[in-house]
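Report on one structure; see the data block that follows.
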Amino acid sequence: MRSRCATSFAALAAVAALSACGPKNFTNDNDRLRQENLQLTRQIEKLDQQLTQRLGQIATLESQLGNPDTPGGAERPVASGLSIDNYSGPVDVDRDGDDDVVRLYLLPTDQQGRMIPVAGTLTAALVHLPDAGEPKVLSTMTLESATLDRAYRDGFTGP
């Protein structure tokens with residue numbers, strides 16, 4: 001009986017020794033929660049920085065809206081006109097003698113006739129106006145604000 005007990009005890013001790021060998025994972029719920037807390041704290045700090053930036057932008061825009069008076073009593077420019085500018089008209093691009101393209105240069109102006117940048121959507125129509133008879137719409141094109149913005153050019157001859 002003693003040999004069975006000794007053998008059982010030896011086998012139990014060997015199993016316990018073997019299970020003690022090898023890598024252990026010492027992380028527990030507290031470590032996992034600390035890591036999550038650190039990640040959330042960093043995310044909150046980042047969001048606080050973004051919020052501070054947005055509040056600054058909002059404050060700037062509100063100050064511009066809330067203060068309609070410009071320095072020195074100058075009148076704030078307001079878009080009030082749009083005219084077809086120089087160099088507008090048909091163009092022969094491939095030099096075959098026939099006009100291929102109609103280029104349109106526009107001049108947006110303020111209340112004092114000065115050029116002013118504007119944003120918006122543009123719809124242009126090419127209309128044939130014969131000496132006799134009814135006008136005929138040859139083409140219509142609409143440019144969204146982003147396309148119109150990319151098409152803006154300015155040079156020594158004007159916008």
Side-chain angles (χ1 to χ4, degrees), residues 19 21-159:
S19 65
C21 300
K24 292 248 183 192
N25 185 0
F26 292 105
T27 60
N28 56 29
D29 285 337
N30 285 339
D31 294 332
R32 184 183 54 79
L33 291 173
R34 281 188 196 101
Q35 184 178 9
E36 285 181 19
N37 188 15
L38 179 63
Q39 289 174 350
L40 291 172
T41 302
R42 288 180 179 162
Q43 188 177 6
I44 288 171
E45 289 172 357
K46 184 178 178 182
L47 290 172
D48 280 341
Q49 289 175 351
Q50 290 177 351
L51 179 62
T52 304
Q53 289 175 345
R54 297 284 190 221
L55 289 174
Q57 291 172 347
I58 290 171
T60 301
L61 291 173
E62 284 178 345
S63 70
Q64 291 173 354
L65 288 175
N67 187 7
D69 297 328
T70 54
E75 189 177 351
R76 185 177 292 256
V78 176
S80 62
L82 184 65
S83 59
I84 297 175
D85 202 14
N86 300 333
Y87 308 112
S88 293
V91 178
D92 180 14
V93 177
D94 56 5
R95 300 177 190 248
D96 64 353
D98 295 327
D99 294 330
D100 306 306
V101 180
V102 175
R103 293 210 173 122
L104 184 61
Y105 294 91
L106 300 174
L107 181 64
T109 54
D110 68 0
Q111 68 273 22
Q112 295 181 10
R114 302 173 295 196
M115 187 286 221
I116 183 171
V118 295
T121 302
L122 173 73
T123 301
L126 178 63
V127 180
H128 175 66
L129 301 171
D131 291 334
E134 292 294 317
K136 182 180 179 186
V137 177
L138 302 176
S139 178
T140 302
M141 176 182 259
T142 299
L143 298 175
E144 298 300 323
S145 57
T147 306
L148 192 60
D149 189 45
R150 284 192 304 274
Y152 177 81
R153 300 288 182 267
D154 194 7
F156 68 92
T157 60

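Because only heavy atoms are used, hydrogens play no part in the values below, and waters and symmetry mates are left out as well, while side chains stay in.
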Validation row: V78, D110 side chains within 4.5 angstrom (heavy atoms): no

Pairwise side-chain contact, Q49 with Q53, heavy-atom cut-off 4.5 Å (strictly under): no

Which distance, rounded to the nearest 0.5 Å, do you find between the [atom1] of [X] and the [atom2] of [Y]?
X: S80; Y: R114; atom1: OG; atom2: CZ; result: 10.0 Å
X: L47; Y: L40; atom1: CG; atom2: CG; result: 10.5 Å
X: R54; Y: L51; atom1: CZ; atom2: CG; result: 9.5 Å
X: N28; Y: R34; atom1: CG; atom2: CZ; result: 7.0 Å
X: K46; Y: I44; atom1: NZ; atom2: CD1; result: 13.5 Å

Ignoring hydrogens, what is the shortest heavy-atom contact between [X] and [Y]? Give both atom names and the distance.
X: I116; Y: P77; answer: CD1-CB, 3.6 Å
X: P130; Y: H128; answer: CD-O, 3.2 Å
X: G97; Y: D92; answer: N-OD2, 2.9 Å
X: P108; Y: L106; answer: CD-O, 3.6 Å
X: T109; Y: G113; answer: CG2-O, 3.8 Å

Side chain D94, main chain D100, donor-acceptor under 3.5 Å: no

Residue pair T121, L148: steps toward the side chain to side chain contact (heavy atoms under 4.5 Å, CB included) verdict: CA-CA 7 Å; T121 302; L148 192 60; over 6 Å; no

Is it true that, when you exclude [X] itself, more than 12 heavy atoms of the residues, nucleotides or ligands shown sit nearer than 6.0 Å to its [atom1]?
X: Q43; atom1: CD; answer: no
X: E134; atom1: CD; answer: no
X: Q35; atom1: CD; answer: no
X: I84; atom1: CD1; answer: no
X: R42; atom1: CZ; answer: no

Could you give the side-chain donor-acceptor pairs of residues 138-145 under 3.5 Å, partners two or more places apart or in another chain?
{"from": "T142", "atom 1": "OG1", "to": "T123", "atom 2": "OG1", "distance (Å)": "3.3"}

